[in-house]
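Each ligand, and each atom within it, is numbered from 1 in the order the structure gives.
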Amino acid sequence: MLSLCQFGYESLLERELVLAGLVVAEKGPGWVRASQELPAKATAPAVAGLAEPPAVAEMIFPQLTLLAPRELKGESVNALAAQLADYFFESLRGERIEAPWPCVSQMVPEVVGLGRRASAVEKAFAELLKKKLSRIAKLAVPDLPRGGGAARGLFVFFADFGRIFVSREAWLGGQRRMADDDAAPSRSYLKVEEAYIVLGREPQAGETVVDLGAAPGGWSYSAAKRGATVVAIDNGPLKGGAFGNPLITHRLEDAFKFQPAPGEVYDWLFCDLVEEPHHVMQNIVTPWLAQGWCRHFVINFKFGHVDSLGLLAEVRAPDSPFMRHATNFRIRHLYHDREEFTLVGDTRL
Ligand SMILES: C[S@@+](CC[C@H](N)C(=O)[O-])C[C@H]1O[C@@H](n2cnc3c(N)ncnc32)[C@H](O)[C@@H]1O
(Lines give C-alpha, C1' and ligand atoms only; values in the text may rest on other atoms or scores of the structure.)
Protein backbone atom coordinates (compact mmCIF):
# COMPACT_ATOMS: atom_id res chain seq x y z
CA MET A 1 0.00 0.00 0.00
CA LEU A 2 1.03 3.58 -0.53
CA SER A 3 -0.09 6.10 2.06
CA LEU A 4 -0.11 9.85 1.51
CA CYS A 5 0.32 12.30 4.35
CA GLN A 6 0.90 15.98 4.80
CA PHE A 7 4.30 17.08 3.44
CA GLY A 8 6.86 17.02 6.30
CA TYR A 9 5.11 14.31 8.31
CA GLU A 10 6.53 11.27 6.47
CA SER A 11 8.63 10.14 9.44
CA LEU A 12 5.63 10.17 11.75
CA LEU A 13 3.57 8.30 9.16
CA GLU A 14 6.41 5.78 8.82
CA ARG A 15 6.52 5.27 12.58
CA GLU A 16 2.78 4.85 12.71
CA LEU A 17 2.87 2.18 9.99
CA VAL A 18 5.73 0.34 11.67
CA LEU A 19 3.93 0.39 15.03
CA ALA A 20 0.96 -1.26 13.28
CA GLY A 21 3.25 -4.08 12.12
CA LEU A 22 3.68 -2.96 8.52
CA VAL A 23 6.99 -3.22 6.72
CA VAL A 24 8.10 0.06 5.18
CA ALA A 25 9.70 -0.30 1.75
CA GLU A 26 10.28 3.29 0.70
CA LYS A 27 9.31 6.85 1.44
CA GLY A 28 9.36 10.17 -0.35
CA PRO A 29 7.95 13.67 0.12
CA GLY A 30 4.38 13.21 1.40
CA TRP A 31 4.28 9.42 0.99
CA VAL A 32 5.33 6.09 2.46
CA ARG A 33 5.05 2.72 0.73
CA ALA A 34 4.59 -0.26 3.03
CA SER A 35 3.28 -3.78 3.04
CA GLN A 36 1.66 -6.13 5.43
CA GLU A 37 3.80 -9.14 6.30
CA LEU A 38 1.85 -12.24 5.41
CA PRO A 39 2.04 -15.48 7.37
CA ALA A 40 4.46 -17.96 5.76
CA LYS A 41 1.92 -19.87 3.62
CA ALA A 42 -0.51 -17.07 2.82
CA THR A 43 -0.44 -15.34 -0.54
CA ALA A 44 -1.45 -11.78 -1.25
CA PRO A 45 -4.96 -11.37 -2.70
CA ALA A 46 -4.94 -10.55 -6.43
CA VAL A 47 -7.07 -7.48 -5.84
CA ALA A 48 -7.07 -5.52 -2.61
CA GLY A 49 -10.00 -7.12 -0.85
CA LEU A 50 -11.97 -4.65 1.21
CA ALA A 51 -13.94 -7.33 2.99
CA GLU A 52 -12.32 -5.90 6.08
CA PRO A 53 -10.74 -2.48 6.70
CA PRO A 54 -7.04 -2.29 5.90
CA ALA A 55 -4.43 -1.74 8.61
CA VAL A 56 -4.44 2.01 7.91
CA ALA A 57 -8.16 2.37 8.70
CA GLU A 58 -7.68 3.86 12.16
CA MET A 59 -4.36 5.57 11.62
CA ILE A 60 -4.07 9.31 12.00
CA PHE A 61 -1.44 10.40 9.47
CA PRO A 62 -2.58 8.71 6.22
CA GLN A 63 -4.93 10.95 4.29
CA LEU A 64 -5.30 8.60 1.34
CA THR A 65 -3.96 5.07 0.94
CA LEU A 66 -3.68 3.41 -2.45
CA LEU A 67 -4.28 -0.31 -1.95
CA ALA A 68 -2.27 -2.78 -4.03
CA PRO A 69 -0.79 0.06 -6.11
CA ARG A 70 0.91 -0.56 -9.45
CA GLU A 71 4.03 1.45 -10.23
CA LEU A 72 4.21 2.95 -13.72
CA LYS A 73 7.16 4.73 -15.27
CA GLY A 74 7.39 6.89 -18.38
CA GLU A 75 9.65 9.63 -19.66
CA SER A 76 6.94 11.73 -21.30
CA VAL A 77 3.40 12.90 -20.55
CA ASN A 78 2.04 10.72 -23.37
CA ALA A 79 3.97 7.66 -22.24
CA LEU A 80 2.58 7.97 -18.70
CA ALA A 81 -0.97 8.64 -19.93
CA ALA A 82 -0.82 5.61 -22.25
CA GLN A 83 0.35 3.32 -19.45
CA LEU A 84 -2.31 4.68 -17.16
CA ALA A 85 -4.97 4.04 -19.79
CA ASP A 86 -3.70 0.47 -20.39
CA TYR A 87 -3.79 -0.21 -16.65
CA PHE A 88 -7.31 1.20 -16.30
CA PHE A 89 -8.78 -0.59 -19.33
CA GLU A 90 -7.26 -3.89 -18.24
CA SER A 91 -8.57 -3.47 -14.68
CA LEU A 92 -12.10 -2.77 -15.98
CA ARG A 93 -12.56 -6.26 -17.37
CA GLY A 94 -15.76 -7.77 -16.03
CA GLU A 95 -16.76 -4.54 -14.31
CA ARG A 96 -19.68 -2.25 -15.23
CA ILE A 97 -19.51 1.38 -14.19
CA GLU A 98 -23.01 2.87 -14.02
CA ALA A 99 -22.56 5.60 -11.41
CA PRO A 100 -20.19 8.54 -10.91
CA TRP A 101 -16.74 7.29 -9.89
CA PRO A 102 -13.71 9.07 -8.42
CA CYS A 103 -10.90 9.62 -10.92
CA VAL A 104 -8.37 11.37 -8.73
CA SER A 105 -4.75 12.28 -9.08
CA GLN A 106 -2.61 13.63 -6.29
CA MET A 107 0.87 14.98 -5.99
CA VAL A 108 2.92 16.85 -3.43
CA PRO A 109 2.47 20.53 -4.29
CA GLU A 110 5.81 21.32 -2.61
CA VAL A 111 7.67 19.58 -5.49
CA VAL A 112 8.03 22.43 -7.99
CA GLY A 113 6.49 21.72 -11.39
CA LEU A 114 4.94 18.38 -10.45
CA GLY A 115 1.43 19.87 -10.44
CA ARG A 116 1.84 20.93 -14.07
CA ARG A 117 3.09 17.50 -15.04
CA ALA A 118 0.16 15.83 -13.28
CA SER A 119 -2.38 18.12 -15.02
CA ALA A 120 -0.86 17.35 -18.40
CA VAL A 121 -1.00 13.58 -17.79
CA GLU A 122 -4.57 13.85 -16.48
CA LYS A 123 -5.61 15.71 -19.62
CA ALA A 124 -3.94 13.22 -21.95
CA PHE A 125 -5.46 10.30 -20.04
CA ALA A 126 -8.93 11.93 -20.15
CA GLU A 127 -8.63 12.16 -23.95
CA LEU A 128 -7.73 8.47 -24.24
CA LEU A 129 -10.60 7.53 -21.95
CA LYS A 130 -13.09 9.68 -23.86
CA LYS A 131 -12.05 8.14 -27.16
CA LYS A 132 -12.40 4.55 -25.97
CA LEU A 133 -15.14 4.72 -23.29
CA SER A 134 -16.98 8.02 -23.53
CA ARG A 135 -19.88 6.92 -21.29
CA ILE A 136 -17.50 5.98 -18.46
CA ALA A 137 -15.45 9.14 -19.05
CA LYS A 138 -18.56 11.27 -18.52
CA LEU A 139 -19.15 9.64 -15.12
CA ALA A 140 -15.62 10.42 -13.85
CA VAL A 141 -15.49 12.79 -10.85
CA PRO A 142 -12.08 14.45 -10.32
CA ASP A 143 -12.48 14.67 -6.56
CA LEU A 144 -12.27 12.31 -3.59
CA PRO A 145 -15.61 11.20 -2.09
CA ARG A 146 -16.52 13.09 1.09
CA GLY A 147 -15.80 11.26 4.33
CA GLY A 148 -13.58 8.34 5.19
CA GLY A 149 -13.58 4.66 4.29
CA ALA A 150 -13.18 2.47 1.25
CA ALA A 151 -13.50 3.87 -2.24
CA ARG A 152 -13.30 2.35 -5.71
CA GLY A 153 -12.27 4.38 -8.72
CA LEU A 154 -8.95 5.36 -10.22
CA PHE A 155 -6.37 6.80 -7.83
CA VAL A 156 -3.11 8.14 -9.18
CA PHE A 157 -0.17 9.47 -7.21
CA PHE A 158 2.71 11.32 -8.84
CA ALA A 159 5.80 10.35 -6.86
CA ASP A 160 7.96 12.12 -9.43
CA PHE A 161 7.87 13.45 -12.99
CA GLY A 162 8.30 10.03 -14.56
CA ARG A 163 6.98 7.78 -11.82
CA ILE A 164 3.40 7.25 -10.74
CA PHE A 165 1.54 4.82 -8.52
CA VAL A 166 -1.97 3.84 -9.44
CA SER A 167 -4.73 1.75 -7.88
CA ARG A 168 -8.43 1.03 -8.27
CA GLU A 169 -9.07 0.75 -4.53
CA ALA A 170 -8.21 3.26 -1.86
CA TRP A 171 -8.82 3.95 1.79
CA LEU A 172 -9.71 7.52 2.71
CA GLY A 173 -8.90 9.04 6.08
CA GLY A 174 -11.56 11.71 5.52
CA GLN A 175 -9.13 14.66 5.50
CA ARG A 176 -9.55 17.23 2.76
CA ARG A 177 -8.74 20.80 1.87
CA MET A 178 -11.59 23.11 2.87
CA ALA A 179 -12.80 26.31 1.27
CA ASP A 180 -12.04 29.48 3.19
CA ASP A 181 -14.64 32.05 4.19
CA ASP A 182 -13.78 35.76 4.10
CA ALA A 183 -15.61 36.40 7.37
CA ALA A 184 -13.75 33.62 9.24
CA PRO A 185 -11.40 35.26 11.75
CA SER A 186 -8.66 32.59 11.65
CA ARG A 187 -7.32 29.75 9.53
CA SER A 188 -8.31 27.52 12.45
CA TYR A 189 -11.81 27.77 10.99
CA LEU A 190 -10.72 25.35 8.27
CA LYS A 191 -9.78 22.71 10.88
CA VAL A 192 -13.20 22.52 12.46
CA GLU A 193 -14.90 22.52 9.07
CA GLU A 194 -12.71 19.55 8.10
CA ALA A 195 -13.31 17.84 11.46
CA TYR A 196 -17.08 17.73 10.77
CA ILE A 197 -16.37 15.64 7.68
CA VAL A 198 -14.26 13.17 9.65
CA LEU A 199 -17.00 12.90 12.29
CA GLY A 200 -19.82 12.79 9.73
CA ARG A 201 -21.83 15.37 11.63
CA GLU A 202 -21.87 19.15 12.05
CA PRO A 203 -23.66 21.60 14.35
CA GLN A 204 -27.28 22.23 13.46
CA ALA A 205 -29.46 25.32 13.84
CA GLY A 206 -30.66 25.56 17.44
CA GLU A 207 -27.88 23.34 18.87
CA THR A 208 -25.62 24.63 21.63
CA VAL A 209 -21.83 24.80 21.56
CA VAL A 210 -19.21 25.63 24.15
CA ASP A 211 -15.93 26.72 22.56
CA LEU A 212 -12.97 26.52 24.96
CA GLY A 213 -10.05 28.64 23.76
CA ALA A 214 -12.27 30.34 21.20
CA ALA A 215 -10.37 33.49 20.17
CA PRO A 216 -10.19 34.91 17.58
CA GLY A 217 -13.32 32.87 16.89
CA GLY A 218 -12.93 30.66 13.81
CA TRP A 219 -14.61 27.63 15.39
CA SER A 220 -17.34 29.72 17.05
CA TYR A 221 -18.02 31.45 13.75
CA SER A 222 -18.26 28.08 11.95
CA ALA A 223 -20.94 26.85 14.40
CA ALA A 224 -22.84 30.18 14.42
CA LYS A 225 -22.84 30.15 10.62
CA ARG A 226 -24.90 26.96 10.86
CA GLY A 227 -27.37 28.57 13.28
CA ALA A 228 -25.99 27.06 16.52
CA THR A 229 -25.67 29.23 19.64
CA VAL A 230 -22.17 29.43 21.04
CA VAL A 231 -20.59 30.26 24.38
CA ALA A 232 -17.04 31.32 23.48
CA ILE A 233 -14.56 31.11 26.37
CA ASP A 234 -11.30 33.00 26.00
CA ASN A 235 -9.58 36.00 27.52
CA GLY A 236 -8.54 37.06 24.03
CA PRO A 237 -10.75 39.12 21.69
CA LEU A 238 -13.09 37.72 19.05
CA LYS A 239 -12.65 39.09 15.54
CA GLY A 240 -14.17 39.05 12.04
CA GLY A 241 -17.49 37.23 11.71
CA ALA A 242 -17.31 36.10 15.35
CA PHE A 243 -17.10 39.62 16.78
CA GLY A 244 -20.55 40.95 17.74
CA ASN A 245 -22.21 37.85 16.26
CA PRO A 246 -25.70 37.61 17.83
CA LEU A 247 -25.38 33.82 18.18
CA ILE A 248 -22.05 34.02 20.04
CA THR A 249 -21.72 34.97 23.71
CA HIS A 250 -18.12 35.81 24.56
CA ARG A 251 -17.03 35.13 28.14
CA LEU A 252 -13.65 36.25 29.40
CA GLU A 253 -12.98 33.19 31.55
CA ASP A 254 -10.50 30.42 32.14
CA ALA A 255 -11.46 27.36 30.07
CA PHE A 256 -10.23 25.05 32.85
CA LYS A 257 -12.69 26.57 35.32
CA PHE A 258 -15.74 26.81 33.09
CA GLN A 259 -18.50 24.29 33.81
CA PRO A 260 -22.08 24.02 32.55
CA ALA A 261 -24.92 24.88 34.94
CA PRO A 262 -26.23 21.85 36.90
CA GLY A 263 -28.20 19.58 34.55
CA GLU A 264 -27.14 21.53 31.43
CA VAL A 265 -25.78 19.50 28.49
CA TYR A 266 -24.17 21.22 25.50
CA ASP A 267 -24.64 19.61 22.10
CA TRP A 268 -21.02 20.31 21.25
CA LEU A 269 -17.72 20.75 23.06
CA PHE A 270 -15.09 22.52 20.97
CA CYS A 271 -11.63 22.74 22.49
CA ASP A 272 -8.66 24.27 20.68
CA LEU A 273 -6.45 25.39 23.55
CA VAL A 274 -2.77 26.09 23.15
CA GLU A 275 -2.03 24.10 26.30
CA GLU A 276 -0.14 20.92 27.18
CA PRO A 277 -2.33 18.04 25.89
CA HIS A 278 -2.06 15.85 29.03
CA HIS A 279 -3.25 18.80 31.07
CA VAL A 280 -6.20 19.25 28.68
CA MET A 281 -6.98 15.51 28.73
CA GLN A 282 -7.00 15.34 32.51
CA ASN A 283 -8.68 18.62 33.35
CA ILE A 284 -11.05 19.24 30.46
CA VAL A 285 -11.67 16.04 28.48
CA THR A 286 -12.15 13.86 31.55
CA PRO A 287 -14.82 15.96 33.30
CA TRP A 288 -16.64 16.96 30.12
CA LEU A 289 -16.90 13.38 28.82
CA ALA A 290 -17.28 11.56 32.15
CA GLN A 291 -19.98 13.92 33.41
CA GLY A 292 -21.77 13.90 30.05
CA TRP A 293 -21.61 17.69 29.73
CA CYS A 294 -21.60 17.44 25.90
CA ARG A 295 -23.04 15.16 23.21
CA HIS A 296 -20.36 15.58 20.53
CA PHE A 297 -16.83 16.91 20.60
CA VAL A 298 -14.08 18.35 18.42
CA ILE A 299 -10.82 18.64 20.35
CA ASN A 300 -7.40 19.62 19.08
CA PHE A 301 -4.21 18.45 20.80
CA LYS A 302 -1.00 20.35 20.10
CA PHE A 303 1.84 17.79 20.04
CA GLY A 304 4.60 20.33 19.42
CA HIS A 305 6.38 19.55 22.70
CA VAL A 306 5.33 15.93 23.23
CA ASP A 307 5.87 12.74 21.24
CA SER A 308 2.77 12.54 19.04
CA LEU A 309 2.68 8.74 18.83
CA GLY A 310 3.29 8.37 22.56
CA LEU A 311 0.40 10.76 23.16
CA LEU A 312 -1.71 8.77 20.73
CA ALA A 313 -1.03 5.58 22.69
CA GLU A 314 -2.18 7.35 25.87
CA VAL A 315 -5.34 8.60 24.16
CA ARG A 316 -6.08 5.01 23.09
CA ALA A 317 -5.23 3.38 26.42
CA PRO A 318 -8.23 1.60 27.99
CA ASP A 319 -8.37 4.05 30.89
CA SER A 320 -8.31 7.22 28.79
CA PRO A 321 -11.46 9.37 28.97
CA PHE A 322 -11.94 8.88 25.23
CA MET A 323 -11.93 5.09 25.48
CA ARG A 324 -14.16 5.09 28.53
CA HIS A 325 -16.75 7.67 27.54
CA ALA A 326 -16.73 8.20 23.75
CA THR A 327 -18.19 6.38 20.77
CA ASN A 328 -17.73 6.99 17.07
CA PHE A 329 -14.28 8.21 18.11
CA ARG A 330 -11.74 9.21 15.46
CA ILE A 331 -8.37 10.92 15.48
CA ARG A 332 -6.82 12.44 12.40
CA HIS A 333 -3.91 14.62 11.46
CA LEU A 334 -6.09 16.90 9.35
CA TYR A 335 -5.09 18.48 6.08
CA HIS A 336 -5.33 21.82 7.94
CA ASP A 337 -3.56 20.63 11.12
CA ARG A 338 0.07 21.49 11.77
CA GLU A 339 1.88 20.19 14.91
CA GLU A 340 -1.42 18.95 16.26
CA PHE A 341 -4.08 16.33 15.73
CA THR A 342 -7.82 16.50 16.02
CA LEU A 343 -10.08 14.17 17.97
CA VAL A 344 -13.79 13.89 17.21
CA GLY A 345 -16.54 11.73 18.61
CA ASP A 346 -19.82 11.42 20.47
CA THR A 347 -20.19 11.04 24.22
CA ARG A 348 -21.84 7.91 25.60
CA LEU A 349 -24.66 9.55 27.51
C1 LIG B 1 -5.32 28.19 18.67
S2 LIG B 1 -6.15 29.46 19.52
C3 LIG B 1 -7.81 29.06 19.19
C4 LIG B 1 -8.25 29.40 17.81
C5 LIG B 1 -9.73 29.25 17.62
N6 LIG B 1 -10.14 27.85 17.64
C7 LIG B 1 -10.18 29.86 16.32
O8 LIG B 1 -10.78 29.14 15.50
O9 LIG B 1 -9.98 31.05 16.10
C10 LIG B 1 -5.96 29.03 21.17
C11 LIG B 1 -6.67 29.93 22.15
O12 LIG B 1 -6.64 29.31 23.42
C13 LIG B 1 -6.71 30.34 24.38
N14 LIG B 1 -6.39 29.81 25.71
C15 LIG B 1 -5.26 29.20 26.11
N16 LIG B 1 -5.39 28.84 27.42
C17 LIG B 1 -6.62 29.22 27.81
C18 LIG B 1 -7.37 29.10 29.02
N19 LIG B 1 -6.82 28.52 30.09
N20 LIG B 1 -8.62 29.57 29.05
C21 LIG B 1 -9.18 30.15 27.97
N22 LIG B 1 -8.54 30.27 26.80
C23 LIG B 1 -7.28 29.83 26.72
C24 LIG B 1 -5.77 31.38 23.85
O25 LIG B 1 -6.07 32.65 24.40
C26 LIG B 1 -6.03 31.31 22.34
O27 LIG B 1 -6.91 32.32 21.94
Side-chain angles (χ1 to χ4, degrees), residues 6 175-199 201-203 207-261 266-289 291 293-294 296-306 308 311 321 331-345:
Q6 204 184 115
Q175 297 98 323
R176 65 196 293 130
R177 186 177 180 172
M178 304 305 296
D180 214 342
D181 176 327
D182 286 344
S186 59
R187 62 162 292 283
S188 233
Y189 161 84
L190 300 169
K191 283 189 288 184
V192 81
E193 291 277 318
E194 189 184 354
Y196 302 150
I197 294 175
V198 172
L199 179 61
R201 174 193 286 275
E202 58 185 51
E207 287 189 338
T208 54
V209 179
V210 66
D211 186 1
L212 303 179
W219 290 26
S220 294
Y221 169 73
S222 160
K225 193 173 146 174
R226 290 169 167 78
T229 52
V230 184
V231 178
I233 312 288
D234 203 308
N235 281 310
L238 298 185
K239 294 184 181 162
F243 177 74
N245 190 310
L247 289 172
I248 302 175
T249 306
H250 184 194
R251 289 170 59 163
L252 301 168
E253 287 178 36
D254 182 352
F256 288 89
K257 300 212 172 106
F258 179 83
Q259 291 189 2
Y266 283 88
D267 290 303
W268 290 83
L269 165 67
F270 287 176
C271 178
D272 188 24
L273 294 163
V274 182
E275 295 274 358
E276 206 282 325
H278 295 96
H279 185 49
V280 177
M281 186 144 74
Q282 199 174 341
N283 298 298
I284 288 184
V285 179
T286 296
W288 276 85
L289 268 54
Q291 310 288 331
W293 290 341
C294 61
H296 318 288
F297 58 85
V298 180
I299 297 169
N300 188 276
F301 276 177
K302 320 288 171 193
F303 58 70
H305 300 292
V306 298
S308 59
L311 176 62
I331 316 165
R332 293 288 182 274
H333 186 239
L334 299 177
Y335 178 93
H336 293 287
D337 275 341
R338 290 293 171 257
E339 297 281 296
E340 56 200 348
F341 53 68
T342 301
L343 309 98
V344 298

inquiry  = I want to know if ligand 1 touches Gly236 in the polar sense, i.e. an N/O pair below 3.5 angstrom.
reply    = no

request  = Taking atom NZ of Lys239 as the centre, report whether more than 12 heavy atoms of other residues, nucleotides or ligands fall under 6.0 Å from it.
outcome  = no

ask   = To which protein heavy atom is atom 19 (N) of ligand 1 closest, and what is the distance rounded to 0.1 Å?
value = Asp254 OD1, 2.9 Å

note = Numbered in order shown, the ligand 1 atoms found under 4.0 Å of a heavy atom of Val274 are 1 (C), 10 (C), 12 (O)

inquiry  = Which of the numbered atoms in ligand 1 are under 4.0 angstrom from any heavy atom belonging to Gly218?
reply    = 7 (C), 8 (O), 9 (O)

ask   = Going by the angle between their ring planes, with limits at 30° and 60°, are Trp293 and Trp288 parallel, tilted or perpendicular?
value = perpendicular

ask   = Considering only heavy atoms, which of Ser186, Gly213, Ser188 lies nearest to atom 3 (C) of ligand 1?
value = Gly213

request  = For Pro203 and Ala228, work out which heavy atoms get closest and say how close.
outcome  = CB-CB, 4.1 Å

request  = First locate atom CD1 of Ile299, then atom CE of Met281, and finally report the distance between them rounded to the nearest 0.5 Å.
outcome  = 10.0 Å

request  = Write down the atom of Glu193, the atom of Ser222, and the distance for their closest heavy-atom approach.
outcome  = OE2-OG, 2.8 Å

query = For Glu340 and Lys191, what are the C-alpha separation, side-chain angles and deciding distance, and is it a salt bridge (Lys or Arg N to Asp or Glu O under 4.0 Å)?
reply = CA-CA 11 Å; Glu340 56 200 348; Lys191 283 189 288 184; 3.2 Å; yes

note = Between Val230 and Ser220 the two heavy atoms that sit nearest each other are CG1-OG, 3.5 Å

note = Looking only at protein heavy atoms, what sits closest to atom 13 (C) of ligand 1 is Asp234 OD2, 3.1 Å

ask   = Hey, is ligand 1 close enough to Asp211 that some N/O pair sits below 3.5 Å?
value = no

remark   = Of all heavy-atom pairs linking Gly213 and Leu273, the shortest is CA-CD2, 3.5 Å

query = Below 3.5 angstrom, do we get any N/O pair linking Asp272 and ligand 1?
reply = yes

note = min-distance protein heavy atom vs atom 20 (N) of ligand 1 -> Ala255 N, 2.9 Å

query = Can you find a non-hydrogen atom of Glu253 under 4.0 Å from ligand 1?
reply = yes

query = What about Phe256: any of its N or O atoms under 3.5 Å from an N or O on ligand 1?
reply = no

ask   = Quick one: nearest non-hydrogen protein atom to atom 5 (C) of ligand 1, plus distance?
value = Ala214 O, 3.4 Å

Nearest-0.5 Å distance, CD1 of residue Ile233 to CZ of residue Phe256 = 12.5 Å

query = Which of the numbered atoms in ligand 1 are below 4.0 angstrom from a heavy atom of Pro216?
reply = 9 (O)

query = Can you check whether Trp219 has an N/O within less than 3.5 Å of an N/O in ligand 1?
reply = yes

task = Please determine which of Glu202, His296, Glu207 meets the side chain to side chain donor-acceptor pair (under 3.5 Å) test together with Trp268.
result = Glu207

query = In the protein, what heavy atom is nearest to atom 4 (C) of ligand 1, and what distance, to one decimal place, separates them?
reply = Ala215 O, 3.2 Å

note = Ranked by distance from atom 16 (N) of ligand 1, the top protein heavy atom is Glu275 OE2, 2.7 Å

message = I need the nearest protein heavy-atom contact for atom 23 (C) of ligand 1: residue, atom name and distance, please.
response = Leu273 CD2, 3.4 Å

request  = Taking the side chain as every heavy atom from C-beta outward, state whether Val198 and Leu334 have any atom pair closer than 4.5 Å.
outcome  = yes

ask   = Counting both backbone and side chain atoms, is some N or O of Gly217 under 3.5 Å from an N or O of ligand 1?
value = yes

